[in-house]
Amino acid sequence: MRTTITVNGTAQTLDVDPRTTLLDALREHLGLTGSKKGCDHGQCGACTVLVNGVRINSCLSILAMHDGDQVTTIEGLGQPGALHPVQQAFLERDALQCGYCTPGQICSTVGMLQEAADGWASRETADLTAGISLTDAEIRERMSGNICRCSAYPQILAAIRDLAGEPA
Amino acid sequence: MRPFTYERATDAQAAVKAVAENPGARFLAGGTNLLDLMKLEIEAPTHLVDVGRLPFAGIEETDEGGLRIGGAMTNARLAAHPKVRERYPVLTRAILAGASGQLRNKATTAGNLLQRTRCDYFYDTTKPCNKRQPGSGCSALGGPTGYGAIFGASEACIATHTSDMAVAMTALDASVETMTPDGGVRTIKVEALHLLPEATPQVETQLAAGELITAVVLPPPPLGGQAYAKVRDRASYAHGLAMVAVAGGRVAFGAVAHKPWRAAQAEAALAAGASPAEAAAAEMAGADADDRRTHKIALVRRLAAATIEDAGSAR
């Protein structure tokens, strides 16, 4: 099955078994091991990447579905010395312990901030027709698809709160 | 995963034909439920027809003053659509009560309706399950059943349909539009799409093999308030133990039956002037559970009364 995707700005053509998930294509065929395989069932969020700017679980997608898509992984967000603002905020707030969930947390945060900027409501949004104010409750709800088994949640929340410009 | 072949559909009628003529074929759209089940080998299609890029991802106003939602529209975009947020808040609330941000970005309208049950025994391939392996028995009958049905269950199956979106659509009197293998178009009420389990719980909807849901049509919003409530084991990202949607005089329950459950007795009571608590009690008089699920009858009764009350004050 021949599929072409653009990963972190570079076009890549792969010819792999149709069973290959987007996550396995990234990790096993393109050597991009930043995206992690946690549960492999869409429950933990460690595999979160951005596809055409939207956050998804790369484990619950097969590569073939993404022909022509633009994929951004943690490796494409920033580099040592030139970190993405979300990476920088996680560093400054020490928003991790073991770090396994962190690439997914960061990609998810990038997607989530865009959703909020676009005015997408969440379960915590009181007025569905007003703008979004990223309160702590909003951030927690919007990030509930990313699990941290070290439970670094208070620091992850602090990092995202910095980016959202909300009072502490 | 078992091996399969894959094709991306470029023509809807050809896609319908491809699935109708091949018993091993399945439609693939968002894939969030199907691919998960394929990893567990609960689903083992030999061919996937990807309908995710057919031109069914938009939303348009109908001549009647309602909305036609494309079957391939993602749950996230549907919940965020300004017309849905403004006129059908119960639908936005329901969708946002389900899954995670990542999953809602991928899951589609049609796929959400056709998601399989989350019954623990359906997922546990070491246990008998009439839905997974017809004739093997129902393990849920002897186990913890907080997620089990209290309306319309059978000796063969007590699994529930756990979509949040479908509960709101049932309360909104929505219909699905399908493309049939003979080239026709069919309209089915969402409340009639899914079947009760009876002796064949593996047959979950009245769709024919290869019949494709192309759209969901919402009639104009009903007069009166709308409200949605969900009770679950975690604060976020968990399937519901019970859900209630209210839209004007219509009431629907989720996670209580093999299908989104239209609470017709509650509606009739409300129309006759009953209080929210009386209306909820009228519906729950028809509930049936063994002694491991009696708590669920009380839970749904209270949730229904509170949600009807909320919708009344949201007018």
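FYI, side chains are in, hydrogens and waters are out, and symmetry mates aren't considered; it's all heavy atoms of this structure. Source: prediction; values computed, not measured. Numbered from 1 within each chain, the chains take letters A, B, ... in sequence-line order.
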Counting distance alone, with no hydrogens or angles, which donor-acceptor pairs between chain B and chain A are under 3.5 Å?
from	atom 1	to	atom 2	distance (Å)
B:M1	O	A:R19	NH1	3.0
B:Y6	OH	A:A64	O	3.3
B:R8	NH2	A:A64	O	3.3
B:R8	NH2	A:M65	O	2.9
B:D36	OD1	A:H41	ND1	2.3
B:K39	NZ	A:D40	O	2.9
B:K39	NZ	A:D40	OD1	2.8
B:K39	NZ	A:C59	O	2.7
B:R53	NH1	A:D67	O	3.0
B:R53	NH2	A:M65	O	3.0
B:R53	NH2	A:D67	O	3.1
B:R53	NH2	A:D69	OD1	3.3
B:R85	NH1	A:G119	O	2.7
B:R85	NH1	A:L128	O	3.3
B:R93	NH1	A:T125	O	2.7
B:R93	NH2	A:T125	O	3.1
B:R93	NH2	A:A126	O	2.8
B:Q102	NE2	A:T48	OG1	2.9
B:Q102	NE2	A:S108	OG	3.4
B:Q102	NE2	A:N146	OD1	2.8
B:N105	ND2	A:R55	O	2.9
B:N105	ND2	A:E115	OE2	3.0
B:K106	NZ	A:L60	O	3.2
B:K106	NZ	A:S61	OG	2.8
B:S236	OG	A:E141	OE1	2.8
B:S236	OG	A:S144	OG	2.7
B:Y237	OH	A:G42	O	2.4

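Expressed to the nearest 0.5 Å, how far CG of A:L50 lies from CD1 of A:I56 amounts to 9.0 Å. Note that the CE atom of A:M112 and the CG atom of A:L163 stand 8.5 Å from one another [nearest 0.5 Å]. Residue B:K17 holds its NZ atom at 15.5 Å from CG of B:L212, rounded to the nearest 0.5 Å. The SG atom of B:C129 lies 6.0 Å from the CZ atom of B:F122; values are rounded to the nearest 0.5 Å. Distance check: A:L26 CG to A:I74 CD1 gives 12.5 Å after rounding to the nearest 0.5 Å.
No part of B:L34 comes within reach of chain A, as not one of its non-hydrogen atoms sits under 4.5 angstrom from that chain. For B:A29, the part lying under 4.5 angstrom from a heavy atom of chain A is the backbone only. Neither the backbone nor the side chain of B:P82 comes within contact range of chain A; no heavy atoms are under 4.5 Å apart. For a residue to count as touching a neighbouring chain, one of its non-hydrogen atoms must lie under 4.5 Å from one of that chain's; by this rule B:A79 does not touch chain A. Residue contact with chain B, scored on non-hydrogen atoms closer than 4.5 Å, involves the side chain of A:M1 exclusively.
Your options are A:G111, A:G45, A:C59, and the one with the most heavy-atom pairs under 4.5 Å with chain B is A:C59.
Using a 4.5 Å heavy-atom threshold, the side chains of A:V86 and A:L77 count as separate.
For the residue pair A:G42 and B:L103, the shortest heavy atom distance occurs at O-CD1, 4.1 Å. In terms of heavy-atom proximity, B:A311 sits nearest to B:V246 at CB-CG1, 3.6 Å. Here the closest heavy-atom approach between residue B:T117 and residue B:A159 is recorded as OG1-CB, 3.6 Å.
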